[in-house]
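Heads up: the structure comes next, in structure tokens.
Here is the naming used below: chain letters follow the sequence lines, and residue numbers restart at 1 for every chain.
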Amino acid sequence: MPELPEVETVRRGLQEFIVGREIKAVEHDTPKSFPNADADVQRFLIGSKVKQVRRRAKVLLIDLSSEYTLVIHLKMTGQMVFRSSAAVFGAGHPNDSLVGELPDKTTRVTFTFTDGSRLFFNDQRKFGWVKLMPIIEVPNIDFMKKVGPEPLEADFTDRQFTERFHRRSKTSIKAALLDQTVVAGVGNIYADESLWGAKIHPKRLVASITEREFKALYKELRDVMNLAIEKGGSTDRNYVNAEGKKGSYIDFARVFRREGQPCPRCGTTIVKMRAAGRGTHICPKCQVIQ
DNA sequence: CACTTGACCTGTCCGC
DNA sequence: TGCGGACAGGTCAAGT
């Protein structure tokens with residue numbers, strides 16, 4: 001579930017909490033979660049400091065002073081949670097925190113810093129991973145070579161957005177939106193939300209989408225993702241930020257997970273269907289197949 | 001080649 | 001209450 005806004009929220013938290021800290025130790029429970037953990041860990045991870053935390057699409061990049069990078073994908077249930085040595089978790093609003101004392105049974109990788117603070121990679125379903133590689137190798141990863149442009153970049157225009165879809169003209173607009181090679185960072189939540197905003201049925205073929213509709217979709221996607229970042233992302237089930245706290249965008253969602261409720265625009269009951277192999281939420285009156 | 005489907009996992013929820 | 005099966009959805013490999 002972590003999509004661009006969720007990963008960006010985690011990035012901002014990590015940038016605040018871990019930059020400058022020196023890694024003292026690392027533990028992992030399964031090779032699947034940290035596939036090449038043994039090879040270069042002693043030389044390029046232990047003893048190095050965190051320089052900066054970047055994001056590309058849904059991928060987190062923790063750059064180290066060793067000129068190596070921790071490349072992290074949260075997939076569906078991954079979490080990156082920082083705890084200082086004297087962590088007080090669950091503080092504030094009673095529902096803020098989804099995770100309690102760490103490590104817990106979902107903890108796959110634990111990074112310990114020299115000051116005693118720790119960074120936990122938790123992942124219930126084990127789809128996510130952490131990899132260590134030289135910074136200069138990151139752009140050579142297949143995914144990085146294929147992934148589309150960042151939709152929230154200031155210089156990303158509606159014209160470029162529309163152009164990107166030409167490569168997938170024969171598929172549905174929802175499948176194309178979810179295709180990371182078209183535009184980076186869109187997942188199920190923001191695909192549904194932006195399609196509702198632009199009044200486009202998810203099963204419409206890309207070739208049938210008009211220029212005007214693409215412009216509307218471009219605006220809706222950017223608006224909804226920016227709002228989601230402002231709200232700290234969407235916590236549907238597992239997602240938490242770098243403090244272990246939930247995001248609140250789901251409270252502002254118009255159709256996602258709102259089947260049976262009235263469309264905020266026209267009052268028609270929102271329906272859940274299947275499109276592009278995913279659970280898909282639409283207003284059957286606002287979003288029609290012509 | 002373009003596109004769709006299934007696999008990867010675990011926890012939750014629903015119906016019997 | 002227990003239990004099987006469907007479902008959750010990001011990405012890649014395999015299939016059409």
Side-chain angles (χ1 to χ4, degrees), chain A residues 1-11 28-35 55-61 71-80 98-100 103-109 121-131 141-148 150-151 164-195 202-209 225 228 233-240 246-247 249-250 253 255-260 271-282:
Chain A
M1 278 167 282
E3 306 181 27
L4 188 155
E6 288 73 33
V7 180
E8 176 60 20
T9 302
V10 172
R11 186 199 69 78
H28 63 103
D29 75 335
T30 139
K32 185 175 157 60
S33 298
F34 199 177
R55 176 191 61 76
R56 178 73 171 99
K58 300 170 189 171
V59 178
L60 277 171
L61 301 164
V71 184
I72 301 161
H73 203 305
L74 303 175
K75 291 291 180 84
M76 250 94 75
T77 55
Q79 306 171 328
M80 291 295 287
L98 249 193
V99 290
D104 64 20
K105 64 178 176 179
T106 69
T107 300
R108 308 299 168 202
V109 188
F121 171 64
N122 301 329
D123 187 15
Q124 175 188 107
R125 289 170 71 177
K126 301 180 182 175
F127 288 169
W129 42 257
V130 176
K131 294 173 187 172
I141 304 171
D142 276 353
F143 178 85
M144 292 296 177
K145 288 194 282 196
K146 291 188 303 188
V147 71
E150 289 290 325
R164 296 295 300 174
F165 284 86
H166 290 344
R167 58 177 56 214
R168 297 297 304 271
S169 61
K170 286 190 220 168
T171 192
S172 70
I173 186 66
K174 175 145 183 181
L177 261 180
L178 294 173
D179 182 343
Q180 299 299 294
T181 72
V182 175
V183 174
V186 184
N188 208 35
I189 298 173
Y190 304 108
D192 282 6
E193 290 290 290
S194 59
L195 285 169
K203 288 192 172 177
R204 295 259 311 275
L205 293 183
V206 170
S208 80
I209 309 291
M225 282 190 161
S234 299
T235 297
D236 185 26
R237 298 167 196 275
N238 285 264
Y239 166 74
V240 293
K246 298 178 183 179
Y249 175 82
I250 212 80
V255 286
F256 190 79
R257 282 290 154 80
R258 293 202 181 279
E259 60 269 34
V271 168
K272 185 174 181 185
M273 54 185 287
R274 216 150 175 92
R278 305 295 165 82
T280 299
H281 311 77
I282 65 162

Roughly, in whole Å, what's the span from NZ in A:Lys146 to C1' in C:dC12?
8 Å

Base, sugar-phosphate, or nothing: which does A:Arg274 touch, judged by heavy atoms less than 4.0 Å apart?
sugar-phosphate

Once you round it to whole Å, what is the distance between P of B:dC3 and CG of A:Leu178?
14 Å

When we call it a touch if two heavy atoms are under 4.0 Å apart, what does A:Gly277 touch: a base, just sugar-phosphate, or nothing?
nothing

Taking 4.0 Å as the cut-off, does a side-chain nitrogen or oxygen of A:Arg167 come that near to OP1 or OP2 on B:dC1?
no

Please state how far atom CD1 in A:Ile173 lies from atom C1' in B:dC3, giving the value in whole angstrom units.
15 Å

Looking at every strand, decide which applies to A:Phe256 at a 4.0 Å heavy-atom threshold: base, sugar-phosphate, or nothing.
sugar-phosphate

Specify the residue among A:Lys126 and A:Ser172 whose closest nucleotide of DNA chain B lies further upstream toward the 5′ end.
A:Ser172

To the closest 0.5 Å, what do you measure between NE2 (A:His281) and CG (A:Asn188)?
7.5 Å

Rounded P spacing from B:dC3 to C:dG9 in Å
23 Å

Taking OP1 and OP2 of C:dG9, is either one under 4.0 Å from a side-chain nitrogen or oxygen of A:Lys75?
no

Which residue, A:Arg125 or A:Ser169, contacts DNA chain B at a nucleotide closer to its 5' end, judged by nearest heavy atom?
A:Ser169

Checking contacts here: which listed nucleotide (C:dG10, B:dT4, C:dA8) is nearest the side-chain heavy atoms of A:Met76?
C:dG10

Out of B:dC8, B:dT4, C:dT11, minimum distance to the side chain of A:Phe127 belongs to B:dC8

A:Gln124 side chain: which of C:dT11, C:dG10, B:dT10 is closest?
B:dT10

Exam field: side chain A:Gln180 to backbone A:Val186, donor-acceptor pair closer than 3.5 Å
yes

Can you tell me how far apart CD1 (A:Ile282) and CE (A:Met273) are? Round to the nearest 0.5 Å.
5.0 Å

For residues A:Tyr190 and A:Glu6, is any side-chain donor paired with an opposing acceptor at under 3.5 Å?
yes

Length of the CZ-C1' vector between A:Arg278 and B:dT4, whole Å
12 Å

Does the structure show a Watson-Crick or G-U wobble partner for C:dG9, both distances under 3.5 Å? Name it, or say none.
none

A:Lys32 side chain, from C-beta outward: closest of B:dC3, B:dC9, C:dA8
B:dC9

Atom CZ of A:Arg56 to atom P of C:dT11: distance rounded to whole Å?
12 Å

Without hydrogens or angle criteria, can the side chains of A:Thr280 and A:Lys174 be said to hold a donor-acceptor pair below 3.5 Å?
yes

Side-chain N,O (A:Thr171) to OP1/OP2 (B:dT4) below 4.0 Å
yes

To the nearest 0.5 Å, how far apart are OH in A:Tyr239 and OG1 in A:Thr9?
4.0 Å

Taken to the nearest whole Å, CD/A:Gln79 to P/C:dG9 is 17 Å

Taking the C1' atom in each of B:dG6 and C:dA6, what is the distance between them to the nearest angstrom?
15 Å

Given the P atoms of B:dG11 and C:dC12, what is the spacing between them in whole Å?
25 Å

Measure the spacing between CZ of A:Arg258 and NZ of A:Lys272 and express it to the nearest 0.5 Å.
14.0 Å

Side chain of A:Phe143 - closest among B:dC9, C:dC12, C:dA8:
C:dC12

What is the pairing partner of C:dA14, taking Watson-Crick or G-U wobble pairs with both distances under 3.5 Å in any strand?
B:dT4

Among B:dC9, C:dT11, B:dG11, the one nearest any side-chain atom of A:Lys105 is B:dG11

Between A:Asp142 and A:Arg257, which is nearer to the 5' end of DNA chain C once each is assigned its nearest nucleotide?
A:Arg257

Using atom CE of A:Met144 as one end and atom P of C:dG10 as the other, report the distance to the nearest whole Å.
17 Å

Could you please name the option among C:dG9, B:dT4, C:dT11 that lies closest to any side-chain atom of A:Asn188?
C:dG9

Return the value, rounded to whole Å, for the distance between atom CD of A:Glu3 and atom C1' of C:dA8.
13 Å

State whether A:His73 places a side-chain N or O below 4.0 Å from either non-bridging phosphate oxygen (OP1 or OP2) of C:dG10.
no

